[in-house]
Structure formats: C-alpha cells, structure tokens
Amino acid sequence: MWIRHGILLAFSAGFVAGENGLNGWLRYASLPEAQRQQATSIPSVIVALNSTATSPVYVAAQELQAGIEGVLGVKLQVLHEPEITASSLSVLVGTVAAYTSKHGARNISSLIADGYWLSVKAGSVIILGQNERGALYGAFEYLSRISQGNFADVDVVSNPDAPIRWVNQWDNLEGTIERGYAGPSIFFSDGLVVKNLTRVSQYARLLASLGINAIIPNNVNANPNLLTAENIEGLGRIADTMRPYGVQVGISLNFASPERLGGLKTFDPLDIMVVKWWTEKTEALYKRVPDLAGYLVKANSEGQPGPLTYNRTLADAANLFARAVQPFGGIVMFRAFVYNHLADWTVWEADRANAAVEFFKHLDGKFLDNVVVQIKYGPIDFQVREPASPLFANIPLTNTAIELQITQEYLGQQSHLVYIAPLWKEILDFDLKVDGKPSAVRDIVAGRRFNKKLGGYAGVVNVGTNTSWLGSHLAMSNLYAYGRLAWNPKQDAQALLQDWIRLSFGHDRSVLDTITKISMESWPAYENYSGNLGIQTLTDILYTHFGPGPASQDNNGWGQWTRATNTHIGMDRTMSNGTGNAGQYPPEVAKAYDNIETTPDNLVLWFHHVPYTHRLHSGKTVIQHFYDAHYKGAATAQTFAPAWESLRGKVDAQRFDEVLFRLRYQAGHSIVWRDSICSFYHNLSGIPDEAKRVGNHPWRIQAEAMALTGFKPTGVTPPEAASNFTAVATVKNGTGEAVATLNFPDGTYDIAIAYYDIVGGRAHYGAFINEDPLLEWYGDLEDRLGHAFSEKLDGHSATRVTITNVGIKKGDVLKIIGLANGNETASLDYVAFSRRELLIRKSLRTYSLFITT
Ligand code: GCV
C-alpha cells in the first residue's frame with residue numbers, strides 16, 4: 001500500500017453497527033428514564049374492536065403493542081372482541097360504530113371520514129376512528145405522543161383537512177425510478193410486480209402513520225403493460241399488502257393503452273371501442289382490487305399520448321376514465337402539467353408558465369364530479385422558488401389537488417440537505433385573493449374555498465430499496481412533513497421538523513437544536529447557491545437536473561427560460577410588455593406581480609426582465625445580490641457538517657456516518673454551485689464583484705498550473721464548472737501526476753481537492769505532501785450517493801474532498817496521483833487552501849467573505 005487510509009474512512013472506527021433508517025420515525029425507541037417516569041399510570045391491556053388480522057384496527061392494536069413495549073418496556077396483551085370488556089386502564093381502539101354497538105353512544109359527531117377521537121385520561125386511553133383507517137391514525141398519534149414523552153391527558157378530535165392525501169411514485173415496471181435517488185423500486189422489477197412485498201408493507205406502515213390514504217406506485221410516464229392480466233394480479237397483491245394500513249392503491253395510465261396494449265387502431269377517447277376497452281379494463285381491475293383508489297393521468301405532456309391528438313379536450317379524456325371508475329367509487333387525478341416542450345424559444349410570449357391556465361381554464365365546469373385536477377405547486381416544475389400556480393385561482397368549478405415533490409429532483413437529489421416544508425408552507429399559505437376574498441391555496445385544494453367535495457394533496461416521493469428509503473436519513477423529514485401537512489396544512493414547519501427529530505433521533509437537546517438549525521437553514525441556503533431572485537434552480541435542465549448548468553435554461557423548447565443576455569436577465573411576465581402571466585392571477589395579486597415595485601425581491605426575475613444593475617428593494621444590484629447570495633449560501637452549507645460532527649456519539653453510528661458523508665459532500669458541491677453560477681454571470685455581464693471574490697482565488701492552485709505528467713488540460717461542459725474554465729484529466733485507463741511547490745505562509749490548513757467523479761469506473765487518487773501520504777480516495781460517489789450521475793466532466797460530477805488540519809510549510813511539495821479506472825478518467829480541477837486559525841476565529845459573516853478558496 002502506498003497510501004495510508006484516508007480521513008473519511010477513519011471516521012467509521014469506534015462505532016458499533018447502528019440503525020439503518022428502515023423504521024423511519026416509527027422506531028419506538030426506549031424513552032430516557034426521566035421521561036418514562038412521567039408515565040404515572042401505564043395501561044395494562046390493549047383492547048381492539050376488530051379481530052380480523054387484515055383490518056386497520058387489528059394492525060393498530062399490533063402497533064400499539066409494539067410501540068408501548070419499545071417506548072416503555074412493557075408488553076401489553078391484546079384482547080379482541082368478543083372476549084373483552086373495557087377496563088379502566090386499557091388502550092381501546094376501534095371505530096365509533098363498533099364502540100357504540102358494544103359500549104353505547106359517544107358524542108363525537110364532529111368526526112368526518114378518516115378522522116379520530118383520542119382520549120387519554122389518567123392512563124386510560126380510548127381511540128375511536130370514524131372508520132377503521134381513522135382508528136389506526138389515532139393509534140399512531142397516541143404512539144407519537146408517548147414516543148416524545150408526552151403522557152398528558154388529552155381529549156381531541158382530529159379530522160383531515162382534505163380527503164385526498166396521496167403519494168405518487170414514479171416507478172417504472174423494469175424496476176428503475178424516474179427521479180428516484182434511493183436505489184431500485186420496491187414495487188416492480190423486470191416488468192412485473194416483485195414477489196417479496198415486505199418493503200411495500202413497511203412503506204404502507206410509514207404512510208399510514210402520517211394519514212396518507214392512497215398511493216400510485218407506477219410512473220406517470222406509464223407503461224401500458226401495467227394492465228396485463230399478470231400485472232393486474234400483481235397490483236392486487238400490492239393492494240392486499242397495503243390495505244391493512246388503510247392505504248388504497250391507484251394507478252397511472254398510459255393514454256394510448258387501447259392501441260399499444262389492446263391492439264385497437266386508435267386511442268381516441270370518444271371512440272366507442274376505446275371506451276369499451278377502458279370500461280372492461282377498469283372492471284377487470286376492480287374485480288381484483290375492489291377498493292382501487294382510481295387513476296392518475298399525464299396526457300399530452302412531454303411526449304406522452306393524449307386526447308389532443310384527436311382534437312378532443314383534456315376534459316373528454318378525464319371524463320372517459322371518470323365514467324369508468326365512477327360505479328366503483330374511484331376518482332381520476334388528471335394532471336395539469338401539460339405544456340409544449342418543443343416551444344419556439346424565439347417567441348417572447350410563448351411562456352410555459354402560462355400553459356396550465358391556457359389548457360384548463362376554459363374547461364372549468366366540464367369535468368365530472370369524480371375528477372380532480374392535480375396541479376404542481378408552481379407554474380413550471382418544482383423549482384427552488386416559484387409563485388403559487390395561478391391555476392388554483394382559475395378553475396373554481398373543478399376539484400383540485402396540489403402536487404408537491406418530496407424527492408428532491410431540483411433540490412439536490414438527497415445529496416444536499418434541503419428541508420422543503422417551509423417552501424410548501426409559503427405556497428399553501430399564499431392568498432390568491434380570488435374575487436377579493438381570502439383564498440389561501442390550502443383552502444382551495446381542501447375544497448373549502450369553492451365548496452368542492454373532493455381535493456387535497458399528491459406528493460411525489462420515490463422511495464427505493466435503500467434502507468433509508470430516500471437515500472438520505474435527513475431527507476425523511478420531508479416525507480414526514482408532507483404527510484402531516486396534508487392532514488393539517490396549518491401546522492408549523494419547524495414544529496413538524498422537531499416532532500420528526502425526536503421520533504427519529506431521540507431526545508438529546510443538542511441533537512434537536514442542531515438538526516433543527518441545519519434543516520431550517522437548508523432551503524434558504526440551497527436557494528442562495530442554486531438560483532435566487534426567482535430565476536429558478538439554475539441546473540442543467542437538459543441532463544440530470546442536479547448540478548449547475550445555467551446556460552441550459554435558455555435557447556431550447558423546454559421553457560425554463562431566464563432570458564439572460566450580457567446586460568439583462570429575467571422573464572418579463574408583465575401584462576403590458578411581457579408574456580401576460582402576471583395577469584393570470586386574480587386582480588390584486590396580478591397588480592402586485594405586474595409592478596416591479598411591489599414584486600418581492602425573491603420573485604423579481606420570475607416576473608421581470610431587468611438589467612443586472614437594477615437595484616432591488618434590498619438596495620443591492622441584481623448582480624451583486626447574485627454574488628453575495630451564492631457566497632452566503634455556500635458558506636452556510638459549510639457549517640452543516642461541522643454542526644453534525646458535534647453530535648458524534650449522540651446519534652447511532654451508521655446514520656451518523658452516512659449523514660456526515662452527505663453533508664461533507666454538500667459542502668464541496670455547494671462551492672461548485674457558487675463558483676459556477678458566479679463565474680457564469682460574471683463572464684456574461686462583465687460586471688465585477690464588489691467584494692472581489694468572483695474569479696479571484698489566491699488560495700487555489702489550479703491543476704493546469706501544476707507540473708503535469710499524464711494529466712492533460714481539458715475544458716469541461718459547461719465551462720464554468722471548472723475553476724478558471726480548465727481542468728486536467730488522464731486518458732481512459734491512464735495515470736496522471738500533478739505536482740506543485742507550495743508558496744503559502746507556514747500554518748495549519750484545510751486542503752480541498754476539486755475533481756470530477758463520473759460514472760463508469762472508480763478512479764483511484766492519492767495526495768502527498770513531500771511524499772508523505774495525505775489522503776487516498778476513490779471516485780466512487782456513485783456507490784455512496786444516489787443522485788443522478790454524469791458521464792462527463794461537468795457541474796454534476798464536479799466535487800471536492802477536504803483534508804482538515806494539515807501543517808504546511810513554505811516550499812513543501814504537493815503531489816496528486818490519479819489512476820483512471822474503467823470508463824472513468826482521473827481528473828483534477830484545483831487544490832484550495834484555507835487557514836485553519838483564521839477559519840476558527842472568523843464569524844460566519846466574515847467567514848463567507850473569507851472563503852474565496
Ligand atoms: C415523470 C419533470 C421531470 C420528469 C417528470 C415530469 C412530470 O419534467 O423532470 O421526470 O416525469 O416532470 O412531472 O411528469
């Protein structure tokens with residue numbers, strides 16, 4: 001061995017195997033003694049008013065038994081009817097109807113479907129659901145309370161804010177997941193439903209604990225083969241597995257299935273043979289899955305087939321399915337994500353943000369009652385900042401649901417910590433002021449504002465087989481918060497986060513404070529370094545949607561335009577001069593967005609096309625705001641890993657190590673973001689950074705300036721994803737050596753080595769000072785992070801490793817060796833030095849200015 005083990009590897013020493021995340025927030029960890037003592041009277045028995053093993057009430061009893069045992073260390077017996085009578089110290093769980101028939105009526109008439117009543121009085125617990133599902137939800141609420149050490153008496157009725165609380169998975173039949181970052185599907189493999197559905201059952205348990213009542217397991221870009229007899233049977237097995245948890249199954253449909261699977265010559269929604277085909281398919285589905293929740297449809301979007309091919313309307317399509325499922329009580333979620341991805345980008349007005357209203361407004365009133373239009377929260381596509389979609393305000397006669405994305409497609413793909421609930425809250429709380437009346441988005445989707453029967457929430461989750469479910473343990477706060485907000489959107493994002501922290505990581509105060517701090521800072525930080533002022537996430541939209549690629553937004557049909565020139569930036573969406581998008585909002589909101597004076601800074605580039613020198617309300621110019629925000633965001637991201645490290649020993653080993661690895665990765669990649677975006681606009685606008693950071697890196701040694709053997713200078717795509725627009729790389733299977741004599745003052749430094757980790761191999765690296773080994777590492781991020789990987793040297797593959805606390809003397813010789821492997825060349829961008837002593841002494845603000853490395 002020519003290199004000693006690296007620092008990253010050394011961190012795993014000293015830990016026993018830890019938790020792997022599989023139980024999420026349902027760990028039922030033993031309460032610390034002090035809190036356990038507050039449980040003055042512990043129930044002595046669990047009474048379940050249903051003895052059918054597949055019923056949610058039965059499951060609730062099992063869950064109560066496991067939970068109480070885990071938290072309090074006592075295993076209670078479960079009794080079922082008819083053997084029981086409720087005792088004073090029991091936990092009784094059942095439906096109101098079952099309770100009433102046995103014990104007489106209770107006055108809890110305010111319960112609605114899925115709601116529950118929870119009563120805790122001196123150790124006696126009664127949990128009654130309006131239906132079986134509600135009883136299970138009430139049991140989970142009780143367990144959440146005791147898991148958090150809350151034994152207080154309570155008498156509470158809890159009803160869901162909206163009837164639709166669904167999750168969507170974008171799983172493909174062959175087992176991949178579109179925009180999934182946690183391994184293959186738990187549902188499908190090789191074109192079929194998997195045989196072993198254990199993970200599906202565990203997923204249902206997590207979902208039920210949040211009040212989620214249905215799931216669409218397959219991708220909205222749907223495969224017609226889902227409707228073969230074999231797969232209908234498979235769906236039946238999925239439904240059987242999830243039903244005990246009250247989670248119904250629905251499916252995404254491929255609109256062209258009658259032709260592609262059924263062999264018909266058409267898929268025209270008004271063709272009689274097509275109608276017959278769908279009717280019979282629906283009957284076959286309901287025969288196997290009598291409680292099928294319904295259908296989800298993506299039509300005429302991003303190349304998917306749809307009714308417009310036959311000059312039929314989107315309502316014709318939705319109603320075809322609505323009629324088919326109506327006799328069975330099913331519903332149709334019809335996606336409003338319809339737009340032309342081949343738009344003419346030279347046409348100023350061809351604004352994708354207008355598409356949903358253009359496609360759906362004139363259809364208001366034409367959808368059947370069991371159709372719900374599913375609307376992404378913003379007008380484009382899950383960007384780091386968007387205004388609420390104007391469609392929520394434009395179809396008052398139609399049921400609507402909001403689509404949120406738990407999987408972090410545009411938000412760092414679970415390789416960056418981003419707690420999204422604060423973003424969702426901003427949208428849900430936004431008042432669209434329809435007809436001058438209070439019209440919060442949450443009230444519209446709940447059906448309250450326009451008096452609609454159906455409505456609610458669809459969250460795109462994309463869990464995979466990784467035991468952490470989402471690839472990152474900390475990302476699970478997003479799934480938790482999604483479910484809790486779908487139940488009650490008035491809840492506070494930080495309070496939800498803290499419930500999740502206590503349930504997932506225990507009761508240590510510093511654990512609570514630290515995870516709260518980094519999570520609450522994470523969305524603002526990510527917005528700062530990935531795209532601010534409403535310009536969208538400036539990622540490479542033509543490739544993986546992960547790393548920086550600002551130029552990719554413009555000059556193509558996808559419509560995520562920024563209209564950046566060398567003098568101006570931003571979409572003019574005003575009514576007078578722009579695309580008119582502001583005018584799609586009700587008058588009061590339209591007026592505010594139409595006028596740059598009343599548009600909030602964080603959306604100014606969403607609605608206005610301005611010079612880089614335009615002064616914001618903050619007093620800064622747009623370009624200086626860009627520079628400062630990107631530096632500030634990346635500086636905040638540097639604090640996450642050290643903050644997490646302070647929890648060493650307070651979090652179990654496996655989750656501690658896995659989170660630390662990701663937070664360190666994020667620290668490096670946030671600097672990739674910062675530098676790429678700053679450098680791109682610096683180059684484009686020619687306007688210098690007042691703080692002289694952009695393009696000025698005195699503490700960096702550029703790889704191309706080192707003495708090179710085997711490594712050759714190369715450009716990367718986009719060019720700004722390399723410091724000084726140049727990196728170095730070996731040829732395939734080659735070896736490279738880069739050497740530099742250090743000219744920095746003697747001191748202790750953190751040394752960051754920037755390189756590119758691409759798929760196709762695991763390049764092997766070593767760094768030495770004066771021939772002494774400093775760090776050995778591999779280009780193996782594809783094994784360790786689940787995000788969409790790249791085959792090129794670009795903003796997705798650009799990354800950094802950091803070695804802390806290295807003593808350096810002027811004249812020391814730094815050498816880096818890279819061995820290519822497979823299709824992965826070895827590569828290098830720069831080596832950056834930060835003075836440890838200075839870093840420790842500086843405040844965060846100064847630190848952000850200081851980090852020019
Ligand atoms: C499932 C975006 C994503 C696609 C996704 C699509 C949608 O365009 O990048 O992967 O397709 O949205 O929501 O339908």
Side-chain angles (χ1 to χ4, degrees), residues 538-540 542-544 546-552 665 668-669 671-684 694-697 699-741 751-768 775-782 787-802 814-833 853:
L538 292 168
T539 188
D540 181 351
L542 302 175
Y543 194 27
T544 74
F546 177 68
S552 72
Y665 170 82
H669 200 240
I671 289 180
V672 171
W673 267 102
R674 179 198 77 184
D675 291 349
S676 300
I677 302 296
C678 286
S679 157
F680 177 78
Y681 290 107
H682 183 250
N683 205 28
L684 190 64
V694 178
N696 177 25
H697 299 288
W699 296 92
R700 269 183 198 179
I701 301 174
Q702 301 293 344
E704 64 275 19
M706 297 173 81
L708 301 175
T709 319
F711 281 127
K712 293 255 173 327
T714 173
V716 311
T717 314
E720 65 274 9
S723 185
N724 201 28
F725 306 107
T726 317
V728 304
T730 64
V731 292
K732 200 174 152 192
N733 293 321
T735 305
E737 189 175 296
V739 179
T741 303
I751 303 178
I753 301 171
Y755 69 107
Y756 301 83
D757 190 331
I758 61 178
V759 281
R762 278 124 194 105
H764 188 179
Y765 295 90
F768 305 80
L775 182 69
E776 174 187 10
W777 78 100
Y778 291 85
D780 62 355
L781 289 177
E782 63 268 48
H787 72 247
F789 271 90
S790 165
E791 293 168 342
K792 302 177 295 175
L793 270 51
D794 57 20
H796 315 295
S797 58
T799 184
R800 305 189 356 158
V801 282
T802 299
L814 168 73
K815 178 160 86 181
I816 295 171
I817 293 176
L819 311 178
N821 174 262
N823 282 333
E824 183 172 66
T825 55
S827 59
L828 210 55
D829 186 11
Y830 63 84
V831 185
F833 291 74
T853 59

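The nearest pair of heavy atoms linking Tyr681 to Pro550 is OH-CB, 3.9 Å. Looking at every heavy atom in both residues, Pro548 comes nearest to Gly795 through CD-O, 3.4 Å. Annotation for Leu708 and Ala703: closest pair CD2-O, 3.5 Å, computed over non-hydrogen atoms. Taking every heavy atom of both residues into account, Glu720 and Ser679 meet most closely at CB-OG, 3.6 Å. Among all heavy-atom pairs drawn from Ala767 and Ile816, the shortest one is CB-CG1, 4.2 Å. Between Asn733 and Gly822, the closest heavy-atom pair is OD1-O, 3.8 Å.
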Would His682 and Phe680 count as a ring pair (Phe, Tyr, Trp, His ring centres under 6.0 Å) if you check the C-alpha gap in whole Å, the side-chain angles of each, and the deciding distance to 0.1 Å?
-> CA-CA 6 Å; His682 183 250; Phe680 177 78; over 10 Å; no

Show your working on side-chain contact (heavy atoms from CB on, under 4.5 Å) between Lys815 and Met706 and close with a plain yes or no.
-> CA-CA 9 Å; Lys815 178 160 86 181; Met706 297 173 81; over 6 Å; no

Check step by step if side-chain contact (heavy atoms from CB on, under 4.5 Å) holds for Thr730 and Thr825.
-> CA-CA 6 Å; Thr730 64; Thr825 55; 3.7 Å; yes

Run the ring pair (Phe, Tyr, Trp, His ring centres under 6.0 Å) check on Trp699 and Phe833 step by step: do they pass?
-> CA-CA 5 Å; Trp699 296 92; Phe833 291 74; 8.2 Å; no

Evaluation steps, side-chain contact (heavy atoms from CB on, under 4.5 Å), between Tyr665 and Thr799 | CA-CA 7 Å; Tyr665 170 82; Thr799 184; 3.4 Å; yes

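Using bins of under 30°, 30° to 60° and over 60° for the plane-to-plane angle, the ring pair Phe546/His796 lands in the tilted bin.
Atom CG of Leu819 sits about 8.5 Å away from atom OH of Tyr778, to the nearest 0.5 Å. We find the CZ-OG1 distance between Phe711 and Thr735 to be 9.0 Å, quoted to the nearest 0.5 Å. With values rounded to the nearest 0.5 angstrom, Tyr765 atom OH is found 12.5 Å from Ile817 atom CD1. One distance of note links CG of Leu775 with CD1 of Ile753; it measures 6.0 Å at 0.5 Å rounding. With rounding to the nearest 0.5 angstrom, the OG atom of Ser797 is 8.0 Å from the NE2 atom of His669. Between atom CD1 of residue Ile677 and atom OG1 of residue Thr539 there is a gap of 8.5 Å, rounded to the nearest 0.5 Å.
Residue Lys792 qualifies as enclosed at atom NZ: its count of foreign heavy atoms under 6.0 Å is above 12.
For the pairing with Asn724, the side chain to side chain donor-acceptor pair (under 3.5 Å) check across Glu704, Gln702, His697, Arg700 returns one residue only, Glu704.
Put simply, the side chain of His787 does not reach to within 4.5 Å of the side chain of Thr544, judged on heavy atoms. Here the side chains of Pro718 and Asp540 are not in contact, with every heavy-atom distance at 4.5 Å or above. Side chains of Glu791 and Tyr543 form a contact here, defined as non-hydrogen atoms less than 4.5 Å apart.
Proximity of a side-chain donor or acceptor of Tyr830 to a complementary backbone N or O of Ala722 within less than 3.5 Å is not detected.
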Side-chain donor/acceptor pairs under 3.5 Å, residues 756-763, sequence neighbours excluded:
residue, atom, partner, partner atom, Å
Tyr756, OH, Ala721, O, 2.8
Tyr756, OH, Asp829, OD2, 3.4
Asp757, OD2, Asp780, N, 3.1
Asp757, OD2, Leu781, N, 2.9
Arg762, NE, Asp783, OD1, 3.4
Arg762, NE, Asp783, OD2, 2.7
Arg762, NH2, Asp783, OD1, 2.6

